[in-house]
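Take a look at the structure below.
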Amino acid sequence: MSIVSSLQKCTIESLSALFNQPFTEKDFQINQTKPEFEGDYTVVMFSLVKSLKLSPDAIGNQLGEHLTKKYPRLFTKYNIIKGFLNLTVADAYWLDLLNKNHNDICYGKKEMNGKKVMVEYSSPNTNKPLHLGHLRNNFLGWSVAEILKANGYEVIKSCIVNDRGIHICKSMIAWQLFANGATPETTKTKGDHFVGEYYVKFNDAYKKEVDELIGAGKTKDEAEKEAPIMKATQQMLLDWENGKPDVMELWKKMNSWVYAGFDVTYKRIGSDFDKTYYESDTYLLGKDIVQQGMDKKVFTKKDDGSIWIDLTADGLDEKIVQRKDGTSVYITQDIGLALQKYEQYKIDQSIYVIGNEQNYHMKVLQLICQKLGMPNAGNIFHLSYGMVELTTGKMKSREGTVVDADDLVDEMVATSKQHTEELGKVKDFTEAELKGLYDTIGLGAMKFYLLRVDPKKTMVFNPEDSIDFHGFTGPFVQYTYARIKSILRKLEADGSAANNQRSTANGLLKLEKELIVTAEQYPAAIEQAGYEHNPSVIANYVFHLAKTFNSFYTEHSIANAETEEKKQLRLKLASLTANIILSGMKLLGIAVPERM
RNA sequence: GGUCCGGUAGCUCAGUUGGAUAGAGCAUCAGCCUUCUAAGCUGAGGGUCAUUGGUUCGAAUCCAAUCCGGAUCACCA
């Protein structure tokens with residue numbers, strides 16, 4: 001149990017004993033004591049004043065007295081300032097925590113709770129390479145999955161690949177028209193980038209045709225409809241749906257190029273999936289659902305044959321679920337897939353990592369699933385994240401300001417190489433070790449940069465800040481880890497590494513205490529991050545821990561501690577800190593190096 | 001126009017189940033490497049928490065209104 005929970009429990013018991021009436025944790029508040037006051041945790045009692053008809057100081061005195069008398073192994077001292085009861089937690093409590101956990105790699109993680117959750121993330125289009133926005137999605141999804149695992153859930157990571165539709169046909173048409181049989185191999189281009197180029201070529205050609213038609217006296221609408229390249233694309237979509245062999249073959253070929261490219265990127269950034277869905281397999285799934293919805297009278301048919309759901313009572317609009325020609329729309333596919341996920345995996349919760357521009361869509365999806373009476377429809381959770389903008393504004397493909405994922409990774413890794421070489425601390429590393437280190441640092445910097453911000457907020461990507469390796473960054477935390485490991489290695493080598501004797505020294509110094517108090521909060525950080533589906537909680541926590549360690553490190557020597565007892569205590573502190581950094585960074589998908 | 005989200009230091013962000021003098025990082029300035037890795041540490045300056053009103057012992061946090069920015073409201077996906 002955390003010290004905050006213990007304090008809560010003790011306070012309730014003390015209050016009940018003192019005032020002979022029941023209390024709950026809502027009757028008072030517990031905060032960490034501000035550094036300018038003496039004490040570790042503070043009970044705020046203003047809310048008790050009214051019901052007890054006593055001054056805050058009077059309550060505080062009685063409570064403080066009772067707590068320190070009744071629980072002397074937990075609370076040793078108290079003081080009251082302006083109605084705040086500041087309690088000092090016994091050194092014995094902190095030492096006990098340290099003795100128990102300093103070698104525990106699983107510290108902070110919860111037991112399995114038997115619940116199953118699916119996290120769907122990444123979900124790319126097969127007509128363009130990944131960009132900065134996708135990176136935020138990928139890092140978030142992976143991290144949230146890890147955080148949920150740490151909270152005791154069984155997690156299935158899934159991905160739905162958007163591999164069909166008019167937009168895919170566009171790059172296919174362009175390839176037919178302009179490629180002269182070129183392939184990624186003949187042009188030595190990464191497959192996803194190669195196909196992406198033809199998508200761009202399509203748009204250029206289309207725009208040119210539209211302009212020409214407008215020049216010939218057509219209206220914009222007419223021109224857009226009549227442009228030959230668009231007509232060819234629409235025909236191709238029909239051919240695809242009818243399974244025309246040459247179209248299918250081209251589709252498969254181009255998709256295989258894209259997948260080969262994606263694989264490289266996914267492997268590099270560490271994204272992986274337990275289950276991949278393809279929209280070409282799932283786009284017809286919703287058909288049965290429509291009939292069921294009709295039977296249940298959730299859906300209604302209009303005169304023209306199209307089928308709708310009326311959500312106006314829920315503050316939304318009417319939404320179409322099937323076109324008059326019987327073809328299904330986007331939302332219908334999603335309903336079908338949602339049902340399939342439940343049926344295949346019996347999941348308790350389904351999380352969708354999707355940008356906030358789809359908030360409305362996801363709200364509709366959730367509502368329809370509920371109205372259809374789907375199992376666990378209430379446990380659909382849209383992890384909605386904000387767009388990544390540039391300092392100059394939004395990324396726009398038309399203006400060529402889209403930051404490509406592969407380019408960005410390359411740049412970060414190159415920067416980490418440059419920094420590492422300048423510092424010259426790992427000159428004895430082999431080529432392979434160096435390459436691994438540059439990747440670890442470069443990717444660590446990038447992931448930390450994108451994950452340290454609350455997911456739901458729009459964030460600004462500043463290229464200069466992102467390659468800064470000082471301060472609130474991944475490399476800062478990695479560096480702290482490498483430093484600790486360096487000490488542990490040295491002491492290991494000269495035989496004075498941590499023994500397993502219990503540390504009992506009283507009189508924890510200020511910075512020692514600060515570090516252990518922070519370490520004690522790690523389980524709470526994991527819990528909060530899980531509850532909020534928010535990796536930034538972990539990023540902020542781990543940074544705070546590293547910073548606290550660095551202050552401690554500069555002030556107090558571990559190897560040359562005043563006494564052997566102090567040395568052992570500090571070794572345990574260092575080891576616990578290292579374990580938490582390793583574990584916390586893992587929750588963010590970030591590796592930590594033994595040396596850097 | 002309806003709905004939703006956001007506005008905190010020059011910049012990027014924490015802090016919002018109401019609590020003490022609103023915190024970090026970057027940038028600026030001043031210090032600290034003969035001692036465990038200076039990708040570090042210490043200190044200084046920098047704030048009308050968008051605005052106005054309300055609720056109360058107490059508001060960045062809750063409520064209302066206003067201003068500004070963004071998203072969305074397709075028989076696109």
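Note on naming: letters A, B, ... go to the chains in the order of the sequence lines (proteins, then strands), and numbering restarts at 1 for each one.
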Just jot down the side chain to side chain contact (heavy atoms under 4.5 Å, CB included) partners of A:His419, sequence neighbours excluded, or say none. A:Thr415, A:Phe469

I need a per-nucleotide contact map over nucleotides 19-29 of chain B, read 5' to 3'. Cutoff is protein heavy atoms under 4.0 Å; write B for the base, S for backbone only, - otherwise. BBS--SSS---

Partners passing salt bridge (charged side-chain N to carboxylate O under 4.0 Å, His left out) against A:Arg164 (at least two apart in sequence or in another chain): A:Glu241, A:Glu279

Identify, with sequence neighbours excluded, every residue that meets side chain to side chain donor-acceptor pair (under 3.5 Å) alongside A:Gln234. none

Please list, by residue number, the residues of residues 323-335 of chain A whose heavy atoms come closer than 4.0 Å to an atom of RNA chain B; answer none if no residue qualifies. A:Arg323, A:Lys324, A:Tyr330

Applying salt bridge (charged side-chain N to carboxylate O under 4.0 Å, His left out) to A:Glu514 and not counting sequence neighbours gives A:Lys510

B:G7 and B:U16, which share atom name C1', separated by this distance in whole Å: 14 Å

Span that lies between the P atom of B:G40 and that of B:U56, in whole angstrom: 49 Å

Can you list the residues that meet the side chain to side chain donor-acceptor pair (under 3.5 Å) rule with A:Asp317, with sequence neighbours excluded? A:Tyr360

Taking only residues two or more places apart in sequence, or in another chain, which ones meet A:Phe381 in a ring-ring contact (aromatic ring centres under 6.0 Å, His included)? A:His533

Within less than 4.0 Å of OP1 or OP2 of B:C36, is there a side-chain N or O belonging to A:Ser557? no

Pair A:Asp57, A:Ser55: side-chain N/O donor-acceptor within cut-off below 3.5 Å: no

Test ring-ring contact (aromatic ring centres under 6.0 Å, His included) applied to A:Phe476 - qualifying residues, sequence neighbours left out: A:Phe543

Determine: side-chain N/O of A:Lys456 to OP1/OP2 of B:G6, distance under 4.0 Å, yes or no. no

Can you name the residues that form a salt bridge (charged side-chain N to carboxylate O under 4.0 Å, His left out) with A:Glu25, not counting sequence neighbours? none

Using a strict 4.0 Å threshold on nitrogen-to-oxygen distance, state whether A:Lys324 and A:Asp303 make a salt bridge. no

Say we look at B:U8 and B:G69: how far apart would their C1' atoms be, to the nearest angstrom? 16 Å

Using salt bridge (charged side-chain N to carboxylate O under 4.0 Å, His left out) as the criterion, list what pairs up with A:Lys456, not counting sequence neighbours. A:Asp454

Just to be sure I follow the notation: if a pair is Watson-Crick (purine N1 to pyrimidine N3 plus N6-O4 or O6-N4) or a G-U wobble (N1-O2 and O6-N3), each under 3.5 Å, what dot-bracket string does RNA chain B give, with | for pairs to another strand? ((((((((.[[[[.)...(...]]]].(((((.......))))).....[[[[[..)....]]]]])))))))....

